[in-house]
Number of protein chains: 2
Amino acid sequence: MSEAPWIERAEQALAAAGRKRGGARRAVLELLDTQRCALTALELEDALRGRSERAVSRASVYRILQDLEGLGLVQRVETGQAMVRFERVCAPEEHHHHLVCDGCGLVMPFSDPALERAISSLSERVPLKVSEHEIVLHGSCRDCAA
Amino acid sequence: MSEAPWIERAEQALAAAGRKRGGARRAVLELLDTQRCALTALELEDALRGRSERAVSRASVYRILQDLEGLGLVQRVETGQAMVRFERVCAPEEHHHHLVCDGCGLVMPFSDPALERAISSLSERVPLKVSEHEIVLHGSCRDCAA
DNA sequence: CTTAATGCAAACCGTTTGCATTTCA
DNA sequence: TGAAATGCAAACGGTTTGCATTAAG
(Lines give C-alpha, C1' and ligand atoms only; values in the text may rest on other atoms or scores of the structure.)
Protein backbone atom coordinates (compact mmCIF):
# COMPACT_ATOMS: atom_id res chain seq x y z
CA MET A 1 0.00 0.00 0.00
CA SER A 2 2.74 2.46 0.71
CA GLU A 3 4.24 1.77 -2.73
CA ALA A 4 1.43 3.61 -4.48
CA PRO A 5 2.04 7.30 -5.10
CA TRP A 6 0.94 9.35 -2.14
CA ILE A 7 -1.69 11.28 -3.97
CA GLU A 8 -3.31 8.11 -5.19
CA ARG A 9 -3.36 6.58 -1.78
CA ALA A 10 -4.90 9.79 -0.54
CA GLU A 11 -7.72 9.78 -3.09
CA GLN A 12 -8.33 6.15 -2.33
CA ALA A 13 -8.45 6.66 1.41
CA LEU A 14 -10.82 9.58 0.98
CA ALA A 15 -13.12 7.57 -1.25
CA ALA A 16 -13.03 4.69 1.20
CA ALA A 17 -14.06 7.09 3.93
CA GLY A 18 -17.09 8.06 1.87
CA ARG A 19 -15.90 11.47 0.84
CA LYS A 20 -16.78 13.18 -2.38
CA ARG A 21 -14.19 14.81 -4.54
CA GLY A 22 -13.73 18.55 -4.64
CA GLY A 23 -11.52 21.03 -6.41
CA ALA A 24 -10.15 22.68 -3.29
CA ARG A 25 -8.99 19.45 -1.78
CA ARG A 26 -7.59 18.25 -5.06
CA ALA A 27 -5.50 21.41 -5.33
CA VAL A 28 -4.21 20.98 -1.78
CA LEU A 29 -3.33 17.36 -2.44
CA GLU A 30 -1.46 18.24 -5.58
CA LEU A 31 0.50 20.95 -3.92
CA LEU A 32 1.37 18.81 -0.90
CA ASP A 33 2.49 16.10 -3.23
CA THR A 34 5.15 18.32 -4.73
CA GLN A 35 6.57 19.50 -1.42
CA ARG A 36 9.70 18.11 0.11
CA CYS A 37 9.14 19.62 3.49
CA ALA A 38 6.49 20.93 5.81
CA LEU A 39 4.44 24.02 4.98
CA THR A 40 2.21 26.19 7.11
CA ALA A 41 -1.46 26.56 6.23
CA LEU A 42 -0.75 30.12 5.19
CA GLU A 43 2.10 29.11 2.92
CA LEU A 44 -0.18 26.58 1.34
CA GLU A 45 -2.92 29.12 0.85
CA ASP A 46 -0.52 31.63 -0.67
CA ALA A 47 1.05 29.09 -2.95
CA LEU A 48 -2.35 28.09 -4.25
CA ARG A 49 -3.55 31.64 -4.66
CA GLY A 50 -0.34 33.00 -6.14
CA ARG A 51 0.21 30.55 -8.91
CA SER A 52 -2.14 29.39 -11.53
CA GLU A 53 -3.46 26.78 -9.12
CA ARG A 54 -6.97 27.04 -7.86
CA ALA A 55 -7.34 29.43 -4.91
CA VAL A 56 -8.62 27.80 -1.74
CA SER A 57 -10.07 29.63 1.23
CA ARG A 58 -8.16 29.50 4.45
CA ALA A 59 -10.94 27.69 6.25
CA SER A 60 -10.90 24.99 3.63
CA VAL A 61 -7.15 24.68 3.80
CA TYR A 62 -7.40 24.04 7.52
CA ARG A 63 -10.35 21.73 7.19
CA ILE A 64 -8.69 19.72 4.47
CA LEU A 65 -5.44 19.43 6.39
CA GLN A 66 -7.25 18.38 9.51
CA ASP A 67 -9.17 15.85 7.56
CA LEU A 68 -6.07 14.43 5.89
CA GLU A 69 -4.35 14.29 9.23
CA GLY A 70 -7.20 12.26 10.62
CA LEU A 71 -6.79 9.79 7.79
CA GLY A 72 -3.07 9.54 8.42
CA LEU A 73 -2.18 11.11 5.10
CA VAL A 74 -0.70 14.27 6.51
CA GLN A 75 1.19 14.91 9.68
CA ARG A 76 1.71 18.04 11.62
CA VAL A 77 5.19 19.31 12.41
CA GLU A 78 5.79 21.59 15.37
CA THR A 79 8.86 23.68 14.92
CA GLY A 80 8.53 26.09 17.81
CA GLN A 81 7.52 28.76 15.35
CA ALA A 82 4.22 30.58 15.49
CA MET A 83 2.43 28.36 13.02
CA VAL A 84 2.11 24.63 12.83
CA ARG A 85 3.42 23.00 9.67
CA PHE A 86 2.00 20.15 7.66
CA GLU A 87 3.47 17.63 5.31
CA ARG A 88 2.36 14.47 3.65
CA VAL A 89 3.04 11.19 5.36
CA CYS A 90 5.25 9.38 2.93
CA ALA A 91 6.88 6.04 2.37
CA PRO A 92 9.43 4.86 4.96
CA GLU A 93 12.31 5.63 2.61
CA GLU A 94 11.34 9.25 2.65
CA HIS A 95 10.79 9.41 6.38
CA HIS A 96 12.62 12.41 7.80
CA HIS A 97 12.81 14.92 10.61
CA HIS A 98 13.53 18.63 10.78
CA LEU A 99 16.27 21.15 11.32
CA VAL A 100 15.01 24.57 12.33
CA CYS A 101 17.09 27.73 12.24
CA ASP A 102 15.93 29.84 15.16
CA GLY A 103 17.51 32.85 13.51
CA CYS A 104 15.66 33.03 10.22
CA GLY A 105 13.03 30.35 10.53
CA LEU A 106 14.42 28.14 7.80
CA VAL A 107 13.16 24.56 8.04
CA MET A 108 15.10 21.72 6.43
CA PRO A 109 14.52 17.99 6.35
CA PHE A 110 17.12 15.42 7.36
CA SER A 111 17.18 11.73 8.00
CA ASP A 112 19.49 9.42 9.87
CA PRO A 113 19.24 5.63 10.00
CA ALA A 114 21.12 5.35 13.30
CA LEU A 115 18.68 7.72 14.87
CA GLU A 116 15.75 5.73 13.57
CA ARG A 117 17.24 2.56 14.97
CA ALA A 118 17.67 4.18 18.34
CA ILE A 119 14.08 5.39 18.26
CA SER A 120 12.64 2.08 17.25
CA SER A 121 14.54 0.11 19.83
CA LEU A 122 13.58 2.66 22.40
CA SER A 123 9.96 2.51 21.43
CA GLU A 124 9.71 -1.03 22.73
CA ARG A 125 11.00 -0.23 26.17
CA VAL A 126 8.72 2.64 26.93
CA PRO A 127 5.32 2.71 28.68
CA LEU A 128 3.54 3.88 25.57
CA LYS A 129 2.38 2.09 22.46
CA VAL A 130 4.33 4.37 20.15
CA SER A 131 2.67 5.28 16.89
CA GLU A 132 4.90 8.07 15.71
CA HIS A 133 7.79 10.27 16.69
CA GLU A 134 8.93 13.74 15.92
CA ILE A 135 12.44 15.07 16.20
CA VAL A 136 13.42 18.68 15.78
CA LEU A 137 16.95 20.04 15.99
CA HIS A 138 17.21 23.74 16.71
CA GLY A 139 20.18 25.95 15.99
CA SER A 140 21.63 28.40 13.50
CA CYS A 141 21.85 27.79 9.81
CA ARG A 142 25.02 28.66 7.95
CA ASP A 143 23.96 32.14 7.05
CA CYS A 144 22.72 32.97 10.53
CA ALA A 145 25.72 31.45 12.28
CA ALA A 146 28.15 33.53 10.23
CA MET B 1 27.77 25.91 37.13
CA SER B 2 25.27 23.23 36.36
CA GLU B 3 26.01 21.58 39.73
CA ALA B 4 24.25 24.36 41.61
CA PRO B 5 20.56 23.79 42.27
CA TRP B 6 18.49 25.08 39.42
CA ILE B 7 16.63 27.65 41.42
CA GLU B 8 19.88 29.15 42.63
CA ARG B 9 21.33 29.32 39.18
CA ALA B 10 18.13 30.97 38.09
CA GLU B 11 18.26 33.66 40.76
CA GLN B 12 21.86 34.23 39.94
CA ALA B 13 21.29 34.54 36.23
CA LEU B 14 18.44 36.94 36.83
CA ALA B 15 20.53 39.11 39.12
CA ALA B 16 23.36 39.07 36.61
CA ALA B 17 20.92 40.25 33.98
CA GLY B 18 20.07 43.21 36.19
CA ARG B 19 16.65 42.01 37.24
CA LYS B 20 15.05 42.80 40.54
CA ARG B 21 13.36 40.14 42.60
CA GLY B 22 9.62 39.79 42.79
CA GLY B 23 7.12 37.57 44.50
CA ALA B 24 5.40 36.34 41.38
CA ARG B 25 8.56 35.18 39.73
CA ARG B 26 9.80 33.63 42.92
CA ALA B 27 6.62 31.59 43.18
CA VAL B 28 6.94 30.45 39.58
CA LEU B 29 10.57 29.47 40.11
CA GLU B 30 9.72 27.48 43.19
CA LEU B 31 6.94 25.65 41.49
CA LEU B 32 8.98 24.87 38.38
CA ASP B 33 11.73 23.61 40.60
CA THR B 34 9.48 20.94 42.05
CA GLN B 35 8.22 19.67 38.71
CA ARG B 36 9.52 16.61 36.99
CA CYS B 37 7.95 17.36 33.71
CA ALA B 38 6.62 20.11 31.52
CA LEU B 39 3.59 22.17 32.53
CA THR B 40 1.39 24.54 30.55
CA ALA B 41 1.11 28.16 31.60
CA LEU B 42 -2.42 27.47 32.70
CA GLU B 43 -1.42 24.51 34.82
CA LEU B 44 1.20 26.68 36.43
CA GLU B 45 -1.28 29.43 37.09
CA ASP B 46 -3.79 27.01 38.57
CA ALA B 47 -1.22 25.29 40.73
CA LEU B 48 -0.13 28.62 42.14
CA ARG B 49 -3.65 29.84 42.69
CA GLY B 50 -5.02 26.62 44.06
CA ARG B 51 -2.51 25.86 46.71
CA SER B 52 -1.22 28.07 49.44
CA GLU B 53 1.29 29.46 47.00
CA ARG B 54 1.07 33.03 45.92
CA ALA B 55 -1.37 33.59 43.06
CA VAL B 56 0.19 34.96 39.90
CA SER B 57 -1.68 36.59 37.04
CA ARG B 58 -1.67 34.82 33.75
CA ALA B 59 0.14 37.65 32.00
CA SER B 60 2.92 37.44 34.55
CA VAL B 61 3.15 33.70 34.20
CA TYR B 62 3.71 34.09 30.48
CA ARG B 63 6.09 37.01 30.89
CA ILE B 64 8.13 35.18 33.47
CA LEU B 65 8.32 32.02 31.41
CA GLN B 66 9.32 33.94 28.34
CA ASP B 67 11.95 35.73 30.33
CA LEU B 68 13.34 32.53 31.80
CA GLU B 69 13.36 30.97 28.40
CA GLY B 70 15.43 33.85 27.09
CA LEU B 71 17.96 33.25 29.84
CA GLY B 72 18.09 29.56 29.03
CA LEU B 73 16.60 28.56 32.35
CA VAL B 74 13.38 27.21 30.97
CA GLN B 75 12.60 25.47 27.73
CA ARG B 76 9.42 25.10 25.85
CA VAL B 77 8.07 21.68 24.93
CA GLU B 78 5.70 21.23 22.04
CA THR B 79 3.58 18.17 22.40
CA GLY B 80 1.09 18.67 19.63
CA GLN B 81 -1.50 19.59 22.20
CA ALA B 82 -3.26 22.93 22.22
CA MET B 83 -0.96 24.60 24.70
CA VAL B 84 2.80 24.87 24.80
CA ARG B 85 4.49 23.37 27.86
CA PHE B 86 7.41 24.66 29.85
CA GLU B 87 9.96 23.04 32.07
CA ARG B 88 13.19 24.03 33.69
CA VAL B 89 16.43 23.36 31.85
CA CYS B 90 18.27 21.05 34.15
CA ALA B 91 21.60 19.36 34.50
CA PRO B 92 22.64 16.93 31.74
CA GLU B 93 21.93 13.95 33.98
CA GLU B 94 18.31 14.98 34.08
CA HIS B 95 18.05 15.69 30.37
CA HIS B 96 15.00 13.98 28.99
CA HIS B 97 12.38 13.95 26.27
CA HIS B 98 8.68 13.28 26.20
CA LEU B 99 6.10 10.61 25.63
CA VAL B 100 2.66 11.93 24.79
CA CYS B 101 -0.52 9.91 24.93
CA ASP B 102 -2.71 11.20 22.14
CA GLY B 103 -5.68 9.62 23.81
CA CYS B 104 -5.73 11.34 27.19
CA GLY B 105 -3.01 13.94 26.87
CA LEU B 106 -0.73 12.39 29.47
CA VAL B 107 2.84 13.61 29.16
CA MET B 108 5.72 11.57 30.60
CA PRO B 109 9.45 12.10 30.55
CA PHE B 110 11.94 9.50 29.35
CA SER B 111 15.61 9.43 28.60
CA ASP B 112 17.82 7.16 26.56
CA PRO B 113 21.61 7.35 26.29
CA ALA B 114 21.75 5.61 22.92
CA LEU B 115 19.35 8.13 21.53
CA GLU B 116 21.43 11.00 22.86
CA ARG B 117 24.51 9.53 21.29
CA ALA B 118 22.78 9.25 17.96
CA ILE B 119 21.63 12.84 18.22
CA SER B 120 24.99 14.20 19.16
CA SER B 121 26.85 12.37 16.44
CA LEU B 122 24.22 13.43 13.99
CA SER B 123 24.47 17.04 15.09
CA GLU B 124 27.94 17.29 13.66
CA ARG B 125 26.99 16.11 10.21
CA VAL B 126 24.15 18.45 9.65
CA PRO B 127 24.07 21.91 8.00
CA LEU B 128 23.03 23.61 11.23
CA LYS B 129 24.95 24.61 14.32
CA VAL B 130 22.71 22.63 16.64
CA SER B 131 21.96 24.18 20.00
CA GLU B 132 19.19 21.94 21.19
CA HIS B 133 16.90 19.14 20.21
CA GLU B 134 13.45 18.00 21.06
CA ILE B 135 12.06 14.53 20.70
CA VAL B 136 8.45 13.58 21.21
CA LEU B 137 7.03 10.08 20.92
CA HIS B 138 3.31 9.90 20.34
CA GLY B 139 1.08 6.95 21.02
CA SER B 140 -1.32 5.44 23.52
CA CYS B 141 -0.58 5.07 27.19
CA ARG B 142 -1.44 1.85 28.97
CA ASP B 143 -4.86 2.96 30.04
CA CYS B 144 -5.79 4.31 26.63
CA ALA B 145 -4.39 1.34 24.72
CA ALA B 146 -6.43 -1.12 26.76
C1' DC C 1 -32.26 14.27 -3.77
C1' DT C 2 -28.98 13.48 -0.02
C1' DT C 3 -24.66 14.37 1.73
C1' DA C 4 -20.13 16.26 1.29
C1' DA C 5 -17.30 20.32 -0.05
C1' DT C 6 -16.45 25.13 0.06
C1' DG C 7 -16.29 30.22 1.07
C1' DC C 8 -17.08 33.97 3.99
C1' DA C 9 -17.19 36.09 8.17
C1' DA C 10 -17.61 35.63 12.89
C1' DA C 11 -16.18 33.22 16.93
C1' DC C 12 -12.48 30.98 19.65
C1' DC C 13 -8.76 30.74 22.66
C1' DG C 14 -3.92 30.61 23.85
C1' DT C 15 -0.72 34.26 24.18
C1' DT C 16 0.98 39.02 24.15
C1' DT C 17 0.74 43.92 25.04
C1' DG C 18 -0.54 48.59 26.92
C1' DC C 19 -1.03 50.97 30.81
C1' DA C 20 -1.32 52.15 35.59
C1' DT C 21 0.52 50.73 40.05
C1' DT C 22 3.62 48.67 43.23
C1' DT C 23 8.11 47.05 44.61
C1' DC C 24 13.01 46.56 44.66
C1' DA C 25 17.76 48.37 44.89
C1' DT D 1 14.08 58.08 42.64
C1' DG D 2 14.59 55.24 38.48
C1' DA D 3 14.04 50.67 36.59
C1' DA D 4 11.90 46.34 37.00
C1' DA D 5 7.79 43.57 38.35
C1' DT D 6 2.95 42.82 38.36
C1' DG D 7 -2.12 42.81 37.48
C1' DC D 8 -5.93 43.80 34.68
C1' DA D 9 -8.16 44.17 30.58
C1' DA D 10 -7.80 44.82 25.88
C1' DA D 11 -5.56 43.42 21.69
C1' DC D 12 -3.47 39.82 18.67
C1' DG D 13 -3.21 36.13 15.45
C1' DG D 14 -3.49 31.43 14.24
C1' DT D 15 -7.19 28.18 13.96
C1' DT D 16 -11.97 26.69 14.11
C1' DT D 17 -16.91 27.05 13.44
C1' DG D 18 -21.67 28.46 11.83
C1' DC D 19 -24.22 29.10 8.06
C1' DA D 20 -25.60 29.54 3.39
C1' DT D 21 -24.34 27.86 -1.23
C1' DT D 22 -22.57 24.73 -4.61
C1' DA D 23 -21.42 20.38 -6.36
C1' DA D 24 -20.63 15.23 -6.28
C1' DG D 25 -22.75 10.69 -6.47
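Just so we're on the same page: letters track the sequence lines, and every chain starts at 1. Just so it is clear, the values below take in all heavy atoms, side chains as well, and ignore hydrogens, waters and symmetry mates.
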Heavy atoms, side chains only, cut-off 4.5 Å: are B:Leu29 and B:Leu14 in contact?
yes
Measure CE/B:Met83 against C1'/C:dT16 and give the value in whole Å, please.
16 Å
Starting from P on C:dT6, measure out to CG on A:Leu44 and report it in whole angstrom.
14 Å
Ranking A:Arg19 and A:Gln66 by the position along DNA chain D of their nearest nucleotide, the one closer to 5' is A:Gln66
Between B:Arg63 (CZ) and D:dA5 (P), how many Å, whole number?
10 Å
Counting side-chain heavy atoms from CB outward, which of C:dC24, D:dG7, D:dG14 is closest to B:Lys20?
C:dC24
Between C1' on C:dA4 and CZ on A:Arg26, what's the gap in Å once rounded to a whole number?
18 Å
B:Ala59 has a side chain; which of C:dT2, C:dC24, C:dT17 sits nearest to it?
C:dT17
Should A:Ser57 be listed as having a side-chain N or O under 4.0 Å from OP1 or OP2 of C:dT6?
no
Using a cut-off of less than 4.0 Å, is there contact between a side-chain N or O of B:Ser60 and OP1 or OP2 of D:dA5?
no
Note: B:Arg85-B:Glu43 ion pair, threshold 4.0 Å (strictly below)
yes
Here's a test of your reading of the structure: between A:Gly22 and B:Phe86, which maps to the more 5' nucleotide of DNA chain C?
A:Gly22
Taken to the nearest whole Å, CG/B:Leu14 to P/C:dC24 is 15 Å
Please determine whether a side-chain nitrogen or oxygen atom of B:Arg25 lies at a distance below 4.0 Å from atom OP1 or OP2 of D:dA5.
yes
Whole angstrom value for the distance that separates P of D:dT15 from CD of B:Gln81:
17 Å
Euclidean distance, atom CD1 of residue A:Ile64 to atom P of D:dT15 [Å, nearest integer]
15 Å
Starting from the 5' end of DNA chain C, give me the residue, A:Arg58 or B:Arg21, whose nearest nucleotide shows up first.
A:Arg58
Side-chain heavy-atom pair A:Ile135, A:Ile119 within 4.5 angstrom cut-off:
yes
Do B:Gln75 and A:His138 have side-chain N/O donor and acceptor atoms under 3.5 Å apart?
no
What is the distance, rounded to the nearest whole Å, between atom OH of A:Tyr62 and atom P of C:dC8?
16 Å
Salt-bridged, A:Arg36 to A:Glu94, with N to O below 4.0 Å?
no
Measure from the side-chain heavy atoms of B:Arg54 and tell me the nearest of C:dG14, D:dG7, D:dA4.
D:dG7
